[in-house]
There are 2 protein chains.
Amino acid sequence: MGAVRKVSEIVIGRLPIYLRALQVMAAEGREVTSSQELGERLGISSAQIRKDLSYFGNFGKQGTGYRIPDLIAHLKRILKVDRTWDMILVGAGNLGHALAQYQGFVPRGFRLVAIFDNDPEKIGRPVGPHIVRDVQELPEFVAAHRIQIAMIAVPASAAQEVADLCVQAGIRALLNYAPIHLRVPPGVWVQYIDPVIHLQQMTYYLEDAGGPAEGAAAG
Amino acid sequence: MGAVRKVSEIVIGRLPIYLRALQVMAAEGREVTSSQELGERLGISSAQIRKDLSYFGNFGKQGTGYRIPDLIAHLKRILKVDRTWDMILVGAGNLGHALAQYQGFVPRGFRLVAIFDNDPEKIGRPVGPHIVRDVQELPEFVAAHRIQIAMIAVPASAAQEVADLCVQAGIRALLNYAPIHLRVPPGVWVQYIDPVIHLQQMTYYLEDAGGPAEGAAAG
């Protein structure tokens, strides 16, 4: 329990979930909450929440709970989203168009600054406020603007090549929408947008009538 | 430690992550793994993985680890994705088009069977193999086909109304792409596709140069 501890990825991974829940509460006009209430909303034990937060300081008082605006500010600072991160998008297909129009980035610390594609039909065309750039310009753009974050919205067959290009250009964080596992060197972070993970987190709770069993032997 | 225990949502939530990692290993031609190796891949402690799996039986032998195909089969059965679940999609915009073309659903237990929208310009038009249906037909379709799962890919301003319609029709699991918190009655499950949560899980690890700090006082 030294002064500086390496906090595990799984703990860091829960902080954005806490932040989102607190921001929902704030939007509801709430000012104070407790680890119990947060835990009930999120399906996480209150002890786990208190332990996770304790890595970063003392944010609540015994018996009085957490002041929501203060805890939001603390979490934003810990996660470094008390600032705005510029990011690029590779892939100007349907998903790329949807991401270019997504209203949820700016209020939570992220700003899309450029869109790239390799399709001559798409390069030069407007997507929202952006003009699609040639992916060959990506390395220079990333270096010039010191971009660290890229979203990948290309077909699975092209995703690894795009990831390699991004990493070589200096990107350190990839948000991958393609249904493929990416190989990246140490020091580069990858997160996956994987709708099936979320669907599979719900089927456990559904009635069996959902569809025909296919070769499911009794356990 | 009775024979029947309620397993927490947080444990259930990790099982699809284990399943995906095991399927990646299987695709790499691997046959055996350990809780240590799985843990290192996922940033979860091996003790946590063994504990999570122990709720459902004894899947590994001390010292020899887990047989990957067996553990995949067990996890699919636990999560009820050893079958195919039919699902509907509401919203035939850019994101809806991208979801209609997504290649990752069928191999992992899900099949999109219908797309709905309320825009007369979109109703009747083809999206992939589907013809966009009028959202007014949703209740009858869901009841007739006993659909339990819906994906919501409409603007935030319409998402709650669409969720209410789905729930009234009998949907029990919602995968929501709109950047809004949905209110649903007990017994209905919601998962959120929230790219910002994933971005915020990476910024903690990035260098501070990402963007200008905005009113971030020293902690």
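- Counting heavy-atom pairs closer than 4.5 Å to chain A, the top-ranked of the candidates B:Leu174, B:Val190, B:Thr203 is B:Thr203.
- Considering every non-hydrogen atom in both A:Gln201 and B:Ile12, the closest pair reads O-CG2, 4.2 Å.
- Contacts with chain A were tallied for B:Ile78, B:Ile44, B:Ile180; B:Ile78 has the most, counting heavy-atom pairs under 4.5 Å.
- Ranked by heavy-atom pairs shorter than 4.5 Å toward chain B, the options A:Tyr102, A:Tyr177, A:Phe105 are led by A:Tyr102.
- With a threshold of 4.5 angstrom between heavy atoms, A:His198 approaches chain B through its backbone and through its side chain.
- Proximity to chain B is absent for every atom of A:Gln48, based on heavy atoms less than 4.5 angstrom apart.
- In this structure, the side chains of B:Leu15 and A:Gln200 stay at 4.5 Å or more apart for every pair of heavy atoms.
- Per-residue heavy-atom pair counts under 4.5 Å with chain B were compared for A:Leu79, A:Val196, A:Ile10, A:Leu95, and the maximum is reached by A:Val196.
- Looking at A:Ile17, the atoms closer than 4.5 Å to chain B (heavy atoms on both sides) sit in the backbone and in the side chain alike.
- Note on B:Glu9, B:Lys76, B:His97: by heavy-atom pairs under 4.5 Å with chain A, the leading option is B:His97.
- Among all heavy-atom pairs drawn from A:Arg20 and B:Asp194, the shortest one is NH1-OD2, 2.8 Å.
- Taking the six-membered ring where tryptophan is involved, the planes of A:Trp189 and B:Tyr205 are essentially parallel, since the angle between them stays under 30° and well short of 60°.
- For A:Arg172, the parts lying under 4.5 angstrom from a heavy atom of chain B are both the backbone and the side chain.
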